Engineer: 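Quick one: this structure, given as C-alpha cells, is what I'll be asking you about.
On a predicted model such as this, the values are computed, not experimentally measured, just so you know. Letters A, B, ... mirror the listed sequences (proteins, then strands); counts begin at 1.
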2 protein chains.
Amino acid sequence: MVFAALSDPTRRAILSMLLEDDMAVTDVAEPFEMSLAAVSKHLVILANAGLITQEKRGRVKWCKLEPDALREASIWMQGFGQFEAVNLDAFERFLASELSDPGLSDPEDDGSDDEEE
Amino acid sequence: MVFAALSDPTRRAILSMLLEDDMAVTDVAEPFEMSLAAVSKHLVILANAGLITQEKRGRVKWCKLEPDALREASIWMQGFGQFEAVNLDAFERFLASELSDPGLSDPEDDGSDDEEE
DNA sequence: GGCAAGCTTAACCGAAAGGTTGAGAATGCC
DNA sequence: GGCATTCTCAACCTTTCGGTTAAGCTTGCC
C-alpha cells in the first residue's frame, strides 16, 4: 500500500511539507488548489499506509511524518541492485571514514534532498 | 510515474521475475491468472516508467529489467531519513564482512521478495 | 503458400481513484 | 448560549485502472 500511497503527486508533496514540521490539516491543505475534504482524504490514505500519523489535540488534528514506513518499500527496492547504484558513493565515503577513524561508530549522514517529478 | 508503476502487485511480481533473467512476454505472462493482453499492458506501463526495456528479436519480444529507474525514486525516499533507518543493519553486516574480509569488494545482496499491500 | 506462434490493438466493462459540494460533529472563544 | 473554526462523512460525478474478448499484424517454420 505504500507504493500506491506514493503514486499521487499531491501526497508526495504533502510528505515533503511534513518533512519540515508537523502540521495541522488546514495548513497542509492551504497551498493546494483543492478542497479541504480532498486533502483530508489524501491524509487518510497516507495514514493507512503508515506514512503519517495523526493526533488530535483540541480541535486541531496534527499530522506527523513517519518515515519508517518507507523502510519496507526501500528494502524491496534494494533487491533490484538499487543498493549498489545509489548508495555506493555515500557508503564509500562512510566506509572510508569508518576505516580511517575506527573510533567512530555513529555515522552522521544527511541525505536531505527534495525531488519533485 | 515510477511509484504508480510499482503500485500494482502484478507489476512488482513481474519485476521480481525479471530479476532472475530476461524473459519473453509469453513467459512473463505464464504464471499469472490473467490474459496475455493484460500482462502485455502491464509491461507497457513498466516500460513507460523506464523500469524495463523491451527488445524484439524475431517474433519474440524480450523484457529486460532496468533497475536504474528505481534510482530517482530511491533518492527521493532518502530525503526522508530512510537512508539511515533502512541501511544500518544491512550496512552493518556489509561493513562487518568488509572489515573481516578486506579482499571482498563486491557486495552480493539479494532481498528478492514479494509483498502484497 | 499456409499455418502456428507471439504479441499488440481496439472496444468494452466494472470498480476504484480523485475530485466536488453540502451537511454535521467536535471544540474553542466571546 | 451562540458562533466560528476544524475537520470528517456522505452522496455524487468523472476519469483512470485493470481486466476481458476478439481481431489483426508479424514472424518463423513446414
Side-chain angles (χ1 to χ4, degrees), chain A residues 1-18 20-66 69 73 116-117, chain B residues 1-18 20-66 69 73 114-117:
Chain A
M1 238 158 82
V2 174
F3 284 123
L6 293 176
S7 71
D8 185 86
T10 301
R11 288 194 289 267
R12 289 198 298 276
I14 290 173
L15 292 180
S16 291
M17 290 165 59
L18 291 177
E20 315 263 335
D21 208 353
D22 298 357
M23 295 180 78
V25 173
T26 305
D27 295 332
V28 170
E30 198 268 332
F32 295 101
E33 302 246 318
M34 68 179 75
S35 68
L36 179 66
V39 172
S40 180
K41 283 196 207 172
H42 281 302
L43 291 170
V44 168
I45 292 170
L46 288 171
N48 285 340
L51 288 162
I52 66 167
T53 50
Q54 296 184 286
E55 184 197 356
K56 195 165 181 181
R57 282 201 295 270
R59 60 183 165 185
V60 175
K61 200 167 191 177
W62 292 91
C63 306
K64 178 173 166 37
L65 188 65
E66 294 293 343
E116 250 30 62
E117 84 267 49
Chain B
M1 236 157 82
V2 174
F3 285 123
L6 292 177
S7 70
D8 184 84
T10 300
R11 289 193 289 267
R12 289 198 301 275
I14 290 173
L15 293 179
S16 293
M17 290 165 58
L18 291 177
E20 316 262 335
D21 207 353
D22 298 358
M23 294 179 80
V25 173
T26 304
D27 295 332
V28 170
E30 199 268 333
F32 295 102
E33 301 245 319
M34 68 180 73
S35 69
L36 179 66
V39 172
S40 180
K41 282 197 210 169
H42 280 302
L43 290 170
V44 168
I45 292 170
L46 288 172
N48 286 339
L51 288 163
I52 66 168
T53 50
Q54 297 184 287
E55 183 197 355
K56 194 165 182 181
R57 282 201 294 270
R59 62 183 165 184
V60 175
K61 201 167 191 177
W62 293 91
C63 305
K64 178 173 168 34
L65 188 65
E66 295 292 343
D114 213 40
E115 91 264 22
E116 254 25 66
E117 68 268 57

Engineer: dG19(D), OP1 or OP2 - any side-chain N/O from S35(B) closer than 4.0 Å?
Structural biologist: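 For dG19(D), neither OP1 nor OP2 has a side-chain N or O of S35(B) closer than 4.0 Å.
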Engineer: Side-chain N or O of H42(B) versus OP1/OP2 of dC17(D): is the shortest distance under 4.0 Å?
Structural biologist: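 Negative; the distance criterion is not met.
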Engineer: Does any non-hydrogen side-chain atom of I45(A) lie less than 4.5 Å from one of L51(A)?
Structural biologist: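 No, their side chains stay 4.5 Å or more apart.
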Engineer: Let me confirm one number: the OG1-CG distance from T10(A) to L43(A), rounded to the nearest 0.5 Å.
Structural biologist: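 Reported to 0.5 Å precision, the distance equals 10.5 Å.
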Engineer: Output the rounded distance in Å from CZ (F3(B)) to C1' (dA17(C)).
Structural biologist: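 To the nearest whole Å, that distance equals 19 Å.
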Engineer: Round to the nearest Å and state the distance from L43(A) atom CG to dT6(D) atom P.
Structural biologist: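 My rounded result for the distance is 15 Å.
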Engineer: Hey, is the main chain of L6(A) close enough, under 3.5 Å, to the side chain of R11(A) for a donor-acceptor pair?
Structural biologist: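 No; zero donor-acceptor contacts below 3.5 Å.
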Engineer: Does any non-hydrogen side-chain atom of M17(B) lie less than 4.5 Å from one of P31(B)?
Structural biologist: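 Yes. Closest side-chain heavy atoms under 4.5 Å.
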Engineer: Rounded off to whole Å, could you give me the CE-to-C1' distance for the M34(A) and dA17(C) pair?
Structural biologist: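 Answer to the nearest Å: 12 Å.
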Engineer: Quick one, which residues of residues 56-64 of chain A touch DNA chain D with a heavy atom under 4.0 Å?
Structural biologist: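 Here the set is R59(A), V60(A), K61(A).
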Engineer: Tell me what A24(A) touches on the nucleic acid: a base, only sugar-phosphate, or nothing, going by heavy atoms under 4.0 Å.
Structural biologist: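 If one applies the 4.0 Å heavy-atom cut-off, A24(A) turns out to touch the sugar-phosphate alone, with no base involved.
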Engineer: Which nucleotide in the set dT8(D), dT9(C), dC7(C) lies at the smallest distance from any side-chain heavy atom of L36(B)?
Structural biologist: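 Closest nucleotide to the L36(B) side chain: dC7(C).
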Engineer: Provide, to the nearest angstrom, the distance between the CZ atom belonging to F32(A) and the P atom belonging to dG18(C).
Structural biologist: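 Going from F32(A) (CZ) to dG18(C) (P), I get 13 Å.
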Engineer: Could you tell me the separation between the CD atom of E33(A) and the P atom of dG18(C), rounded to a whole number of Å?
Structural biologist: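 Rounded to the whole Å, the gap is 18 Å.
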Engineer: Could you check how far CG of L46(B) sits from P of dC17(D), rounded to whole Å?
Structural biologist: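 My rounded result for the distance is 14 Å.
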Engineer: Could you check how far CD of E30(B) sits from P of dG6(C), rounded to whole Å?
Structural biologist: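 Result: 12 Å.
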Engineer: Output yes when at least one side-chain N/O atom of T26(B) is less than 4.0 Å from OP1 or OP2 of dC7(C), else no.
Structural biologist: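 Yes, because at least one side-chain N or O of T26(B) sits under 4.0 Å from OP1 or OP2 of dC7(C).
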Engineer: Considering only heavy atoms and no angle criterion, is a donor-acceptor pair shorter than 3.5 Å present between the side chain of K41(B) and the base of dT9(C)?
Structural biologist: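 Answer no: no donor N or O sits under 3.5 Å from an acceptor.
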Engineer: State the CZ-OG distance between R12(A) and S7(A), to the nearest 0.5 angstrom.
Structural biologist: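 Reported to 0.5 Å precision, the distance equals 7.5 Å.
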Engineer: Out of dG22(C), dG18(D), dG19(C), which nucleotide sits closest to the side chain of T10(A)?
Structural biologist: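 In terms of side-chain proximity for T10(A), the closest of dG22(C), dG18(D), dG19(C) is dG19(C).
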Engineer: Rounded to the nearest 0.5 Å, how far does SG of C63(B) lie from CD of Q54(B)?
Structural biologist: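 That separation rounds to 4.5 Å.
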Engineer: Any non-hydrogen side-chain atom of V28(A) less than 4.5 Å from a side-chain atom of H42(A)?
Structural biologist: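 V28(A) vs H42(A): side chains apart.
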Engineer: I45(B) CD1 to dG19(D) C1': how many Å, rounded?
Structural biologist: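 Atom CD1 in I45(B) sits about 11 Å away from atom C1' in dG19(D).
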